[in-house]
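Notes follow the structure.
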Amino acid sequence: TILGIAKQNWATMRAGSVVLQAQRRACLIVLVCLMFVWSIAVVSSENCQITGVHPGNGPTSGNVVIVLQGQFNISSQVDVSVGGVSATVLQNDTTSLNITLPEGVGKGLQVDVSCGNGASDSTLTQGFSYNVPTFASLSPTNGPASGGGSLTIAGANFPPDFTTASEMSVKIGSTNCIVDTNEALFNQAVCEVPPGLGQSLNVSITVASQTPSVFKLYNYDAPSVTSVEPNTFAATGAQTMTILGLGFGTFQSTAKARAGNTACEASKWTSDTSMICKLPSGVNTGKNVIASYARLTASKQNAWSYNAPAASSVSRTNGPST
C-alpha cells in the first residue's frame, strides 16, 4: 500500500541520516587526531640541544670556525654566544652548527644557543676555552732602577682589544707592570716599567687567569758611580762623603759603601743618584770608592784622597851642625 511504502522510505532515510552523522563524527575525530599528531611532530621537531664544541679551544683573536655539536632540528633564527659574546652562525644541520668564533679571553666559558619557535634555549657550561697566552720576546730587556718607559711584550693570545685588556696583568719579579689598554693587541702588550732592583727577574703575564709556563727575563741596570763630593778628607775621618752616580734605586734599601778597602762607618741611601758614606780615619791618596745596592756593585778608581800630612810648627828652630 501507499502507506506501507511511505513508512519504508522514511525508515530508509532515517537510517541513512544516522550513518551520515556517524561518518561525520568519525571524520571529526580523525581530524582532531591528525591535528594533535601534527602539533606533537612540530614541537618535537623544534629540538635545540648543544652537547659539545669542536675544537674546544681557539685563539683570542677569534675569526676561526668552530662546530657546535648536538641536536638542532630548528626552522627559525639561531643565536649563539661564547662567554657572553655573540658569534656569527654560518650554517647548520640537524646535528651541528658552524659558527665564527668571536674575539675573547678566558677558559671554561659558557656556550649558549638560543632557538626560536618555542624550542628551549640550550647551554653548555665549561664549553670553550681561549688559548693560553704565549711569550715571544721583550723589548727592551733592561732599564734603569728608577723605572719609567715602556716594556713591549710580543707573543700570542693576548687580549684582542682595550675592552678586554683589563683581563691581562704583567709582573716584573713581584711588582706590577701596568698594562696600557690603548696599546692592546692579540699579539702584543705594552706596560709601564715600575721602579725596581735586580737582574734576571721573571716577567710573567696572566690573561683571564691563564699564565704561560715560560717566562722571559728582565734586568734592572746595575748602579754606576760617577764622582764623590768632596774628594779630599782629613785623615781623622768622621766626615761625610756623598757618592754620586745612577741606579741606586728609588726607595730605601740595603745601600752600602766602602771607602778604599774599608767599610764606611755608616752608609745611607738618599736617592737613585746618590748615597752617603761616613768615612773612617785613614791615610793615602788616589783611593777608590765602592757602592753596593741590592747585591749589585759599582766602583770608581782614584775617586778621592785623604789629605797629605803637613807640619803646622817646629818646636826647635836651631841646633848643632853635627
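As a basis for the values below, the full set of heavy atoms in this structure was taken, side chains included, without hydrogen atoms, waters or symmetry mates.
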[X] and [Y]: side chain donor to acceptor below 3.5 Å:
X	Y	answer
Asp121	Ser114	yes
Ser139	Thr152	no
Asp112	Gln110	yes
Ser129	Asn57	no

Which value, rounded to the nearest 0.5 Å, describes the distance between [X] atom [atom1] and [Y] atom [atom2]?
X	Y	atom1	atom2	value
Asn288	Lys300	CG	NZ	11.0 Å
Thr270	Met275	OG1	CE	7.5 Å
Lys216	Ile205	NZ	CD1	11.0 Å
Thr273	Leu246	OG1	CG	7.5 Å
Cys277	Met241	SG	CE	5.5 Å
Asp221	Leu197	CG	CG	11.5 Å

Report yes or no: does [X] contribute a side-chain atom to a donor-acceptor pair with the main-chain N or O of [Y] at less than 3.5 Å?
X	Y	value
Gln210	Tyr130	yes
Thr232	Tyr306	no
Gln239	Leu279	no
Ser224	Gly245	no
Asp272	Gly249	yes
Asn131	Asn157	no
Thr226	Leu244	yes
Ser267	Ala257	yes

Shortest non-hydrogen contact from [X] to [Y]?
X	Y	result
Cys264	Ala259	SG-N, 4.0 Å
Pro195	Ser146	CG-O, 3.6 Å
Pro212	Pro133	CB-O, 3.1 Å
Pro280	Glu265	CA-OE2, 3.5 Å
Phe158	Leu185	CB-O, 3.4 Å
Ala303	Val228	O-CG2, 3.4 Å

Inset, instruction - Please step through side chain to side chain contact (heavy atoms under 4.5 Å, CB included) for the pair Leu217 and Thr141, ending with a clear verdict. - result: CA-CA 7 Å; Leu217 301 180; Thr141 56; over 6 Å; no
Legend entry - From CA spacing to verdict: side chain to side chain contact (heavy atoms under 4.5 Å, CB included), Lys107, Ser209: CA-CA 8 Å; Lys107 64 179 180 179; Ser209 76; 3.7 Å; yes
Are [X] and [Y] linked, directly or through other ILVMFWY residues, by side chains that come within less than 4.5 angstrom of each other?
X	Y	result
Leu90	Val80	no
Leu101	Phe186	no
Ile290	Trp304	no
Val132	Val170	no
Ile153	Tyr220	yes

Are any non-hydrogen side-chain atoms of [X] and [Y] less than 4.5 angstrom apart?
X	Y	answer
Val207	Pro159	yes
Phe72	Thr95	no
Val82	Val85	no
Asn202	Tyr218	no
Val179	Val190	no
Leu97	Val67	no
Gln199	Leu201	no
Val225	Ser299	no

Inset, instruction - For atom CG of Asp93, decide whether the heavy atoms of other residues, nucleotides or ligands shown that lie under 6.0 angstrom number more than 12. - result: yes
Inset, instruction - Test side chain to side chain contact (heavy atoms under 4.5 Å, CB included) on Ile178 and Asn176 and set out the steps. - result: CA-CA 6 Å; Ile178 304 302; Asn176 286 327; 4.3 Å; yes
Legend entry - From CA spacing to verdict: side chain to side chain contact (heavy atoms under 4.5 Å, CB included), Trp269, Ile276: CA-CA 6 Å; Trp269 172 92; Ile276 293 173; over 6 Å; no
